[in-house]
Amino acid sequence: MVHTFTALGVNVAVDVNSGAVHVLDKTAFDTLNRLLALEGQKPDFSRRPDGVGEGWEELKELFDQGLLFVEDDYIDPAAAVAMQKEAPIKALCLHVSHDCNLRCKYCFASTGDFGTGHRMTMDFETAKKAVDFVIARSGRRRNIEVDFFGGEPLMAMETVKKTVAYARSIEEEHGKCFRFTITTNGVLLNDENIEYINAEMSNAVLSMDGRPEVNDRMRPNVAGKGSYDTIVPKFQKLVAGRGTKDYYLRGTFTHDNLDFAADVMHIASLGFKNVSVEPVVGGPEDPYALRDGDIPSILAEYEKLAEELREHPEVNFFHFNVDLAQGPCVIKRLRGCGAGCEYVAITPEGDIYPCHQFVGNEDYRLGSVHDGSFDMGISSKFSGLNIYTREACRDCWARFYCSGGCSASNLLVNGDIKKPHHVGCELERKRLECAIALRAIAAGMAE
């Protein structure tokens with residue numbers, strides 16, 4: 001499969017199966033598109049078709065080098081499933097709090113309590129068992145990721161600190177190395193918390209949506225007042241003290257702010273260079289959810305954002321990060337995030353779910369750290385998901401970059417973890433086109 005597109009004035013051909021990316025002049029680009037129209041996805045390069053002129057020799061040379069129209073012998077799908085079932089659990093989303101001091105309107109966690117009506121924080125004994133659980137389930141995997149999540153994890157800071165200390169105290173004994181992340185709305189940040197986060201957390205995900213009016217419309221506090229003025233100076237202080245450690249300002253755009261490029265650039269203007277503003281996850285009944293009619297505006301906005309970032313290479317926009325060398329491991333490219341098999345979420349009660357967005361859905365409860373139960377039947381449903389077993393992914397040019405999309409979003413919108421959300425697919429393909437064009441320009445592949 002070969003995918004052609006033009007973005008940022010660059011003519012690009014992506015050879016999907018080899019991962020090769022080619023920037024072509026207009027003549028070769030037009031010739032390639034003519035070949036695709038005439039002969040389908042694999043032209044016969046043993047002869048020059050009638051009506052195809054200049055540029056054909058350049059394309060034939062790429063074909064002869066194994067860089068164009070490569071067959072899909074990436075991996076045997078059956079072998080891929082077998083490999084994935086052996087994958088150990090290597091990451092936890094540890095819900096230390098099912099409570100929150102904001103009332104975000106699009107919150108998948110129902111503003112913190114995950115729809116239970118019962119707000120609580122995780123006690124240390126449960127957190128300790130969660131650490132023991134991942135060590136036991138991680139097999140020979142040395143590196144383990146733990147993301148302190150919620151709700152708002154700063155509301156359970158004592159548990160966070162005790163958990164980090166416990167994991168550090170036993171990691172050498174078990175031959176493990178823990179890497180911690182915290183995701184916070186920033187309201188409770190103070191000098192003590194900032195110092196601790198910057199010392200212990202390898203990554204910090206800081207939640208805000210962008211411009212004051214956009215952020216405050218969707219992210220008010222319990223009293224209904226916007227959170228922007230409270231969190232921005234705290235985030236700036238935290239980031240100023242992180243040195244070379246990772247962080248992201250992570251926002252959400254909705255039907256109400258389809259001009260989200262302005263939010264990305266506003267966040268960057270505040271001094272934050274690592275930015276992720278992502279499409280909202282919502283059901284058809286949610287007023288803020290993205291709709292089919294929004295797609296043209298969103299695609300145009302991604303192109304607008306790419307043009308902005310072309311002039312601001314210092315800004316690292318998460319969704320425009322792409323590895324043209326296909327750096328991630330085979331499993332990552334085939335399956336994606338690994339929810340439900342390599343990655344799980346654990347609630348304050350100790351219940352285990354495939355990821356944070358499945359919490360509360362009893363059909364997907366995997367077990368409990370308290371009794372050691374773990375439902376391999378449910379886990380196998382997730383380990384068997386890949387770009388070959390998801391029918392809609394098999395012929396998509398973006399499959400080795402996207403890896404099948406988000407199972408939770410698929411379930412919410414389509415009622416099936418295997419059926420990708422078509423809006424999400426459209427947006428992912430456009431983001432990839434913009435990302436590949438930007439990377440090609442940065443690498444000097446295009447003038």
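One is the number of the first residue; the rest follow in order along the sequence.
Residue Phe5 forms a side chain to side chain contact (heavy atoms under 4.5 Å, CB included) with just one option from Val10, Val12, Asn11, and that option is Val12.
Side-chain N/O atoms of Asp15 and His22 include no donor and acceptor closer than 3.5 Å. Using modelled atom types and a 3.5 Å distance limit, the side chains of Asp371 and Ser373 yield a donor-acceptor pair. Under the 3.5 Å distance criterion, with hydrogens and angles disregarded, no donor-acceptor pair is assigned to the side chains of Arg365 and Thr347. Side chains of Asn215 and Ser227: a donor on one and an acceptor on the other come within 3.5 Å. Looking only at atom types and distance, the side chain of Asp132 has a donor-acceptor partner in the side chain of Tyr166 under 3.5 Å away. Under 3.5 Å, the side chains of Asn185 and Asn101 contain a donor-acceptor pair of N or O atoms. Under the 3.5 Å distance criterion, with hydrogens and angles disregarded, no donor-acceptor pair is assigned to the side chains of His98 and Glu349. Between the side chains of Asp209 and Tyr106, at least one donor N or O lies within less than 3.5 Å of an accepting N or O.
Below 30°, between 30° and 60°, or above 60°: for Phe108 and Phe149 the angle between ring planes is below 30°, a parallel geometry. Classified by interplanar angle (parallel below 30°, tilted 30° to 60°, perpendicular above 60°), the ring pair Phe358/Phe382 is perpendicular. Phe400 and Tyr388 have perpendicular rings, their planes meeting at more than 60° on a 0 to 90° scale where under 30° would count as parallel.
Checked by atom type and distance alone, the side chain of Asn190 pairs as donor or acceptor with a backbone atom of Asn193 at under 3.5 Å. Checking side-chain atoms of Ser379 against main-chain N and O of Asp375 turns up no donor-acceptor pair under 3.5 Å. Within the 3.5 Å criterion, the main-chain N or O of Leu270 finds a donor-acceptor partner in the side chain of Gln236. With hydrogens and angles disregarded, no donor-acceptor distance shorter than 3.5 Å links the side chain of Asn414 to the backbone of Asp416. In terms of modelled atom types and a separation under 3.5 Å, the side chain of Thr254 and the main chain of Val280 share no donor-acceptor contact. Not a single donor-acceptor pair under 3.5 Å links the side chain of Arg310 to the backbone N or O of Ala442. Of the possible donor and acceptor atoms, none in the side chain of Thr230 sits under 3.5 Å from a partner among the backbone N and O of Val187. A donor-acceptor pair is defined here as one N or O able to donate and one able to accept, closer than 3.5 Å; such a pair exists between the side chain of Asn198 and the backbone of Leu238.
To the nearest 0.5 angstrom, Arg291 atom CZ is 10.0 Å from Asp286 atom CG. Once rounded to the nearest 0.5 Å, the distance linking CZ of Phe235 with OH of Tyr247 reads 12.0 Å.
Salt bridge status for Arg217 with Glu213: absent, with no side-chain N to carboxylate O gap under 4.0 Å. Salt-bridge check for Lys304 with Glu307: failed, with every basic side-chain N at 4.0 Å or more from each acidic carboxylate O. For Glu391 and Lys418, the salt-bridge test fails: no basic side-chain N is under 4.0 Å from an acidic carboxylate O. A salt bridge is defined here as a Lys NZ or Arg NE, NH1 or NH2 lying under 4.0 Å from an Asp or Glu carboxylate O, and Lys381 with Asp363 fails to meet this definition. Note on Arg179 versus Asp246: salt bridge recorded, some NZ/NE/NH1/NH2 to OD/OE distance being below 4.0 Å.
Residues His319 and Tyr302 keep their aromatic ring centres 6.0 Å or farther apart. Taking the six-membered ring wherever Trp is involved, the centroid distance between the rings of Tyr353 and Phe114 does not fall below 6.0 Å.
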Assess the residue pair Met201 and Phe148 against the criterion (side-chain contact (heavy atoms from CB on, under 4.5 Å)); give the C-alpha distance rounded to whole Å, side-chain angles, the decisive distance to 0.1 Å, and a yes or no. CA-CA 10 Å; Met201 301 294 156; Phe148 293 105; 3.7 Å; yes
In sequence, state the C-alpha distance, the side-chain angles, and the governing distance for Asn143 and Lys90, and then conclude on side-chain contact (heavy atoms from CB on, under 4.5 Å). CA-CA 7 Å; Asn143 296 315; Lys90 61 185 180 181; over 6 Å; no
Check the pair Val16, Arg399 against side-chain contact (heavy atoms from CB on, under 4.5 Å), reporting the backbone distance first and the verdict last. CA-CA 8 Å; Val16 176; Arg399 60 185 182 270; 3.8 Å; yes
What's the verdict on side-chain contact (heavy atoms from CB on, under 4.5 Å) for His3 and Arg429, showing C-alpha distance, side-chain angles and the deciding distance? CA-CA 11 Å; His3 175 65; Arg429 286 188 283 263; over 6 Å; no
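Counting only heavy atoms from C-beta outward, the side chains of Phe318 and Asn274 never approach each other to under 4.5 Å. Residues Phe253 and Pro279 are in side-chain contact: their nearest non-hydrogen atoms beyond the backbone lie under 4.5 Å apart. A 4.5 Å side-chain heavy-atom check between Arg211 and Asp263 finds at least one atom pair inside the cut-off. Residues Gln357 and Leu412 are not in side-chain contact: their nearest non-hydrogen atoms beyond the backbone lie 4.5 Å or more apart. With contacts defined as side-chain heavy-atom distances shorter than 4.5 Å, the pair Val315/Phe320 does not qualify. Annotation: side chain of Thr159 is not in contact with side chain of Leu94 (no heavy-atom distance under 4.5 Å). Within the 4.5 Å cutoff, the side chain of Val214 has no heavy atoms near those of the Phe260 side chain. Between Glu192 and Glu195 there is no side-chain heavy-atom pair separated by less than 4.5 Å.
Annotation: cation-pi pair Lys161/Tyr196 present, NZ/CZ under 6.0 Å from the ring centroid and within 45° of its normal.
Residue-environment remark: NZ (Lys176) exceeds the threshold of 12 foreign heavy atoms within 6.0 Å. Counting heavy atoms of neighbouring residues, nucleotides and ligands inside a 6.0 Å radius, atom OH of Tyr228 exceeds 12 of them. Lys237 NZ: 12 or fewer foreign heavy atoms inside a 6.0 Å radius. Other residues, nucleotides and ligands contribute more than 12 heavy atoms inside 6.0 Å of the CD atom of Glu314.
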